[in-house]
> 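This is the structure, below, for whatever I ask next.
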Amino acid sequence: MSVVADTVGVMRIATWNVNSIRARVDRVTSWLERNDVDVLAMQETKCKDAQFPHLPFEAIGYEVAHTGLSQWNGVAVVSRVGIEDVETAFEAQPGWGEQLATEARALGATCGGVRVWSLYVPNGRTIVDPHYAYKLEWLAALRASAASWIASGTPTMLLGDWNIAPLDEDVWDREFFEGSTHVTAPEREALAAIEATGFTELTRSYTPGEYTYWDYTQLRFPKRQGMRIDLALGSPEVTARVTGARIDREERKGKGASDHAPVVVELADPA
DNA sequence: ATGCCGCTATCGTAGCGA
């Protein structure tokens, strides 16, 4: 329940697709305080920079870095352990649309000595939609950056809504998703290629069988029909420090919930 | 087994993205 930063060696870093920060700012700030989280990477803020509610975060001791260009996408990092060297895209991040504009889907910031990337991977829509090819292109470009981040030796975390269910067990019914995005071999291989640069997924081993997302429709949440698509990847320097991880399913309940649950990773201080 | 979204454009409801 403490809102005071821990004095002994632990840092909590979380990722959460909030599905509009303006619709949910009270829920998000309340959750940060109750869970003693130091850094939160958010996706789908669904607002422009000027519309982002900075004050409620600053009032409880967090600095904000956000990029949002329209009512779509939008990613942020909020931190109470500092925010430095903010980037609002990764190197060679592909664009979308007739004008091929870079979308607000990636934000990097250094918080408490960790390079944190908040990532909102394109959904893909359907496998015959141009958005699916864009998704794969986006992931391939991210892989190139991931390799450079590994080579740098900087403690790095890739946090976000990946819109990929890595294993069949990460969807409530594999047959239901046959022929759909999120479960195809090219998507899973694109994620595996990023991991192959040297990143490790940090949450699965602590949250076996759990989901991070449940569609609002069809009573998917009470029926426990979800997906694991929100993931946290760590470079070796981060992976060595992980002491636990948690998916806060409780936060998916009730009026005004996002369709995604927050995912928390706990790190010990560097050795 | 905690029970059907949020945005914009426009002012009740359609279109879009997820």
Side-chain angles (χ1 to χ4, degrees), chain A residues 15-31 34 41-53 56 66-76 94-106 118-139 160-165 170-173 176-184 187 191 209-231 246-263:
Chain A
T15 183
W16 193 2
N17 180 322
V18 296
N19 186 22
S20 170
I21 190 57
R22 288 177 292 171
R24 239 169 300 288
V25 60
D26 291 346
R27 245 184 124 122
V28 173
T29 51
S30 167
W31 181 84
R34 284 182 283 115
M42 285 179 268
Q43 301 84 39
E44 280 210 271
T45 58
K46 289 189 170 178
C47 67
K48 300 177 185 179
D49 289 340
Q51 299 172 307
F52 190 96
H66 174 258
T67 180
L69 305 170
S70 69
Q71 69 269 45
W72 309 124
N73 314 308
V75 286
W96 172 252
E98 292 187 15
Q99 308 293 323
L100 280 186
T102 303
E103 297 186 302
R105 292 182 177 275
S118 179
L119 303 171
Y120 181 44
V121 176
N123 174 285
R125 303 181 187 174
T126 69
I127 58 174
V128 296
D129 193 294
H131 208 261
Y132 178 71
Y134 170 53
K135 180 181 196 173
L136 295 177
E137 180 191 8
W138 203 93
L139 289 163
D161 177 357
W162 293 75
N163 274 314
I164 299 170
D170 297 327
V171 295
W172 59 273
D173 181 351
F176 180 88
F177 289 93
E178 190 61 43
S180 300
T181 61
H182 294 61
V183 299
T184 68
E187 291 165 280
L191 173 62
E210 296 185 37
Y211 300 137
T212 66
Y213 162 84
W214 300 259
D215 196 300
Y216 282 126
T217 67
Q218 306 293 129
L219 297 174
R220 294 290 185 223
F221 182 61
K223 291 196 278 195
R224 298 182 175 270
Q225 297 176 339
M227 307 171 77
R228 183 198 295 271
I229 56 176
D230 300 275
L231 307 171
R246 188 167 70 87
I247 298 168
D248 192 354
R249 188 179 181 282
E250 289 296 307
E251 191 57 32
R252 178 62 179 77
K253 296 179 180 179
K255 186 173 176 63
S258 169
D259 43 3
H260 294 251
V263 178

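Since the structure is predicted, the reported quantities are computational estimates derived from the model, not experimental observations. Chain letters run A, B, ... following the sequence lines, proteins first and then strands; every chain starts at 1.
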> Using distance alone, with no hydrogens and no angle criterion, decide if A:Tyr213 and A:Asn163 have a side-chain donor and acceptor under 3.5 Å apart.
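Short answer, no.
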> Find the distance A:Gln225:CD to B:dT2:P and express it as a whole number of Å.
12 Å
> Distance-only, no hydrogens or angles: does the A:Arg246 side chain make a donor-acceptor pair with backbone N or O of A:Pro262 under 3.5 Å?
no
> Are the side chains of A:Glu103 and A:Trp138 in contact, using a 4.5 Å heavy-atom criterion?
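Answer no - side chains too far apart.
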> Flag the pair A:Trp214 / A:Gln225 as yes when at least one side-chain heavy-atom distance between them is below 4.5 Å, and no otherwise.
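A:Trp214 vs A:Gln225: side chains apart.
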> For B:dC11 versus B:dA1, give the span between their P atoms, rounded off to a whole number of Å.
44 Å
> Whether A:Arg22 contacts B:dT8 is assessed here as follows: a side-chain N or O lying under 4.0 Å from the phosphate OP1 or OP2. Is that the case?
yes
> Could you check how far NZ of A:Lys223 sits from C1' of B:dG3, rounded to whole Å?
10 Å
> In whole Å, I'd like the distance from the CH2 atom of A:Trp214 to the C1' atom of B:dT2.
13 Å
> Could you state the CD-P distance from A:Glu250 to B:dT2, rounded to the nearest angstrom?
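So the two atoms are 8 Å apart, to the nearest Å.
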> Please state whether the phosphate of B:dC5, meaning OP1 or OP2, lies under 4.0 angstrom from any side-chain nitrogen or oxygen of A:Arg24.
no
> Test your reading of the model: is there a side-chain donor-acceptor pair from A:Arg125 to the backbone of A:Pro130, 3.5 Å cut-off?
no
> Pull out every protein N or O sitting under 3.5 Å from an N or O of nucleotides 14-18 of chain B, one pair per line with the distance.
| from | atom 1 | to | atom 2 | distance (Å) |
| --- | --- | --- | --- | --- |
| B:dA18 | OP2 | A:Arg125 | NE | 2.9 |

> Any pair with a residue in residues 212-230 of chain A that passes salt bridge (Lys or Arg N to Asp or Glu O under 4.0 Å), sequence neighbours left out, goes on the list, sorted by first then second residue, please.
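Output for this query lists A:Asp170-A:Arg228.
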> Whole angstroms only, please: what is the CD-C1' distance between A:Glu251 and B:dT2?
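That distance rounds to 13 Å.
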